[in-house]
Amino acid sequence: GPQPQQPVRHSASQEERLLALTMAAPRLLAAIAAFLVGGRCAEEAACRDTETCPTAVPPRMRDSALLQTGRDVQSAVERLRKRVTSDCGERLQMREQRNAACIVARGGRALLVWVPYGSAPGWDLPGGGKHDGEVACETAEREVCEETGMQVRAVRQLSYDVFQCEVVAENVCRSPVDEGFLSKHWASHGELRSLQYRGNTLGDKEGLLARALAGQALSQTWQVHASAPAVLMARQSAQGVTSDCPRRLQHFSERNSACIVVRDNRACLVWVPYGSSPGWDLPGGWKHDGEAACETAERETCEESGIKVLAVKKLSFNVFQCEVLAFGACRNPVDEGFLAKKWASRDELDSLQYRGGTWGDKRGILKQALGSASPSPGPPSSTWQPDWADACGCKMCQGEGFSSSSQQCRAGAATGADEACACLRRGGGAVDACGCRACDGEGWSSTQRSCSRGAETSPEEACQCRR
């Protein structure tokens, strides 16, 4: 991986020098106070002893001067903070105060800083601790400037404490604050898996960075190639899989969000193979501009699983309860493509490998959702298996696959990639039950827990993916 370089020092303005003194300001003011109060006490003692008091500055004037000194320092700090932060609180409707960071991407690369201290040093997103009265996006903007010298502008919230930010100007912050300027590196998408990341900060950094860079590449492609009709078509496509949930739920805020989809006492999960902590996750993802959170959850569920859903209730800050409207509604893969699915029962939840750093306490929310779901009528699950069909119409959960010799579904047969491809082409589909591109020779590999060339999706694997 890239090696950190020595920090670069710049000349400081008067305001920035005052800001650098902020950390020492409380001690300085305490010393001034001690001196003034001590002097006043000495004068009062002399008055008592000699009954004559020398002419001196009245205590009220001393207190006023001390107070004004503190105000000057605080005013300088506030002026500089406002100079490097934007109106993001108003633009993004952000009121929460918390530690925060930025993902800054340009030219297909993302800005990282090397943090050498702590128990797990490594590359990290520029960001840090909040100041009083500062909303999270302002914290992210200010900390980026203090750590890298760059003034940035937060344009959208990517996760609980990470914002997508764009560069406004370089070398705006010139005086080091706290730990000083940190070594920088602009990382490409291909480098992300090989980097040493700082531990225990900001969730799944690698996953966030991968999606940010993938999204930037997609955005740049659209800017070059997309015509107005193409953009309109994409918007109409999104409208076709989302509902009137903002009006129904009275929920108009915009944020990344996900769905919990329950059917037959099982919850739909998707396998996310990328990032530093792959695993089963709720279907969901990034918001689009002008899209309410519940619409994001509905659209992302369809794009990742093919299932059109309806958001009916807000369960947490960014998770909604959603109901199935139709299977196979989304047929064209978007971004990372369709993901492998699993319908998990409540008894399985404790044994699953979950993706890290997303949607809070997934296991707890899933248990609540499945605990409150009413049991569906039907034969006992120990003997009954659903009649879900694979790409060729074979009942995969009942052990059926397509037999090329007999040209029909048969128990004990497995639908091969070539057979699945032919069936998908006839039906206008693109992927099998596990989200694998059969026409590219892909099938589900249980050992790799992902689609793999040369593998074949067995009926059992297809049924498990559907669950």
Mind checking whether [X] and [Y] have side chains closer than 4.5 Å, heavy atoms only?
{"X": "Tyr197", "Y": "Leu192", "result": "yes"}
{"X": "Arg346", "Y": "Asn265", "result": "no"}
{"X": "Met94", "Y": "Gln157", "result": "yes"}
{"X": "Phe320", "Y": "Ser257", "result": "yes"}

Restricting to salt bridge (Lys or Arg N to Asp or Glu O under 4.0 Å), what partner residues turn up for [X], sequence neighbours left out?
{"X": "Asp361", "answer": "none"}
{"X": "Arg248", "answer": "Asp244"}
{"X": "Glu90", "answer": "none"}

Salt bridge (Lys or Arg N to Asp or Glu O under 4.0 Å) between Glu146 and Arg142, worked out: CA-CA 6 Å; Glu146 291 178 358; Arg142 174 185 52 76; 3.1 Å; yes

- Task: May I have all residue pairs that pass disulfide bond (SG atoms under 2.5 Å apart) and include part of residues 113-164, sequence neighbours excluded?
- Result: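 Applying disulfide bond (SG atoms under 2.5 Å apart) to every pair that reaches into residues 113-164, excluding sequence neighbours, yields Cys88-Cys137, Cys145-Cys173.
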
Pairs flagged by salt bridge (charged side-chain N to carboxylate O under 4.0 Å, His left out) wherever residues 147-162 is involved - sequence neighbours left out
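Output for this query lists Arg153-Glu166.
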
Exercise for review: Could you list all the salt bridge (charged side-chain N to carboxylate O under 4.0 Å, His left out) pairs where at least one residue sits in residues 96-105, not counting sequence neighbours?
Suggested key: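 Residue pairs passing salt bridge (charged side-chain N to carboxylate O under 4.0 Å, His left out), neighbours aside: none found.
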
Notebook entry, point to check: Looking at the rings of Trp123 and His185, which for Trp means the six-membered one, are their centres under 6.0 Å apart?
Noted result: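 So the answer is yes for these two rings.
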
query: Does any donor atom in the side chain of Glu348 or Ser345 lie under 3.5 Å from an acceptor atom in the other side chain?
result: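 Judged by distance alone, the side chains do pair up.
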
query = So, Ser194 versus Glu191: side-chain donor-acceptor pair below 3.5 Å or not?
reply =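 The criterion, which ignores hydrogens and geometry beyond distance, is not satisfied for Glu191 and Ser194.
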
